[in-house]
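The structure appears below as structure tokens.
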Amino acid sequence: MEHMTDKQMQFIAWLITTATDKCQSMEEVREMNKEIRRHSKGLKAGEDEEEKDE
């Protein structure tokens, strides 16, 4: 398994927080999260359902 460097993790965190700051509602954030998960390797589709319960 490939490991990310701290700089890579910081960049990803910055990228996501910058994008979510532009969202007007939690629904927009959830839609963005779905898109991120859809394009991310290793994340299960069922994780979307778990988040809705919170």
Side-chain angles (χ1 to χ4, degrees):
M1 176 180 233
E2 187 177 320
H3 295 281
M4 288 191 189
T5 66
D6 285 343
K7 276 215 178 287
Q8 289 171 320
M9 289 298 289
Q10 289 171 355
F11 174 73
I12 291 169
W14 171 83
L15 189 64
I16 292 170
T17 56
T18 299
T20 56
D21 281 346
K22 294 177 183 177
C23 292
Q24 299 293 314
S25 69
M26 280 306 295
E27 188 56 37
E28 287 183 33
V29 174
R30 287 185 183 102
E31 287 299 316
M32 184 180 300
N33 287 343
K34 280 184 190 178
E35 281 297 308
I36 291 169
R37 285 186 192 98
R38 200 178 97 199
H39 296 285
S40 297
K41 289 183 178 180
L43 293 176
K44 298 175 189 158
E47 290 177 354
D48 287 342
E49 297 303 317
E50 289 175 15
E51 197 172 273
K52 287 181 183 177
D53 294 336
E54 293 177 3

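Residues satisfying the side chain to side chain contact (heavy atoms under 4.5 Å, CB included) criterion with Ile12, sequence neighbours excluded, are Met4, Ile16. Partners of Thr17 according to the side chain to side chain donor-acceptor pair (under 3.5 Å) rule, which considers only residues two or more places apart in sequence or in another chain, do not exist here.
For residues 19-29, no pair satisfies side-chain hydrogen bond (donor to acceptor under 3.5 Å, both in side chains), with sequence neighbours left out.
Here CD of Glu35 is found 7.5 Å from CD of Glu31. Values are rounded to the nearest 0.5 Å.
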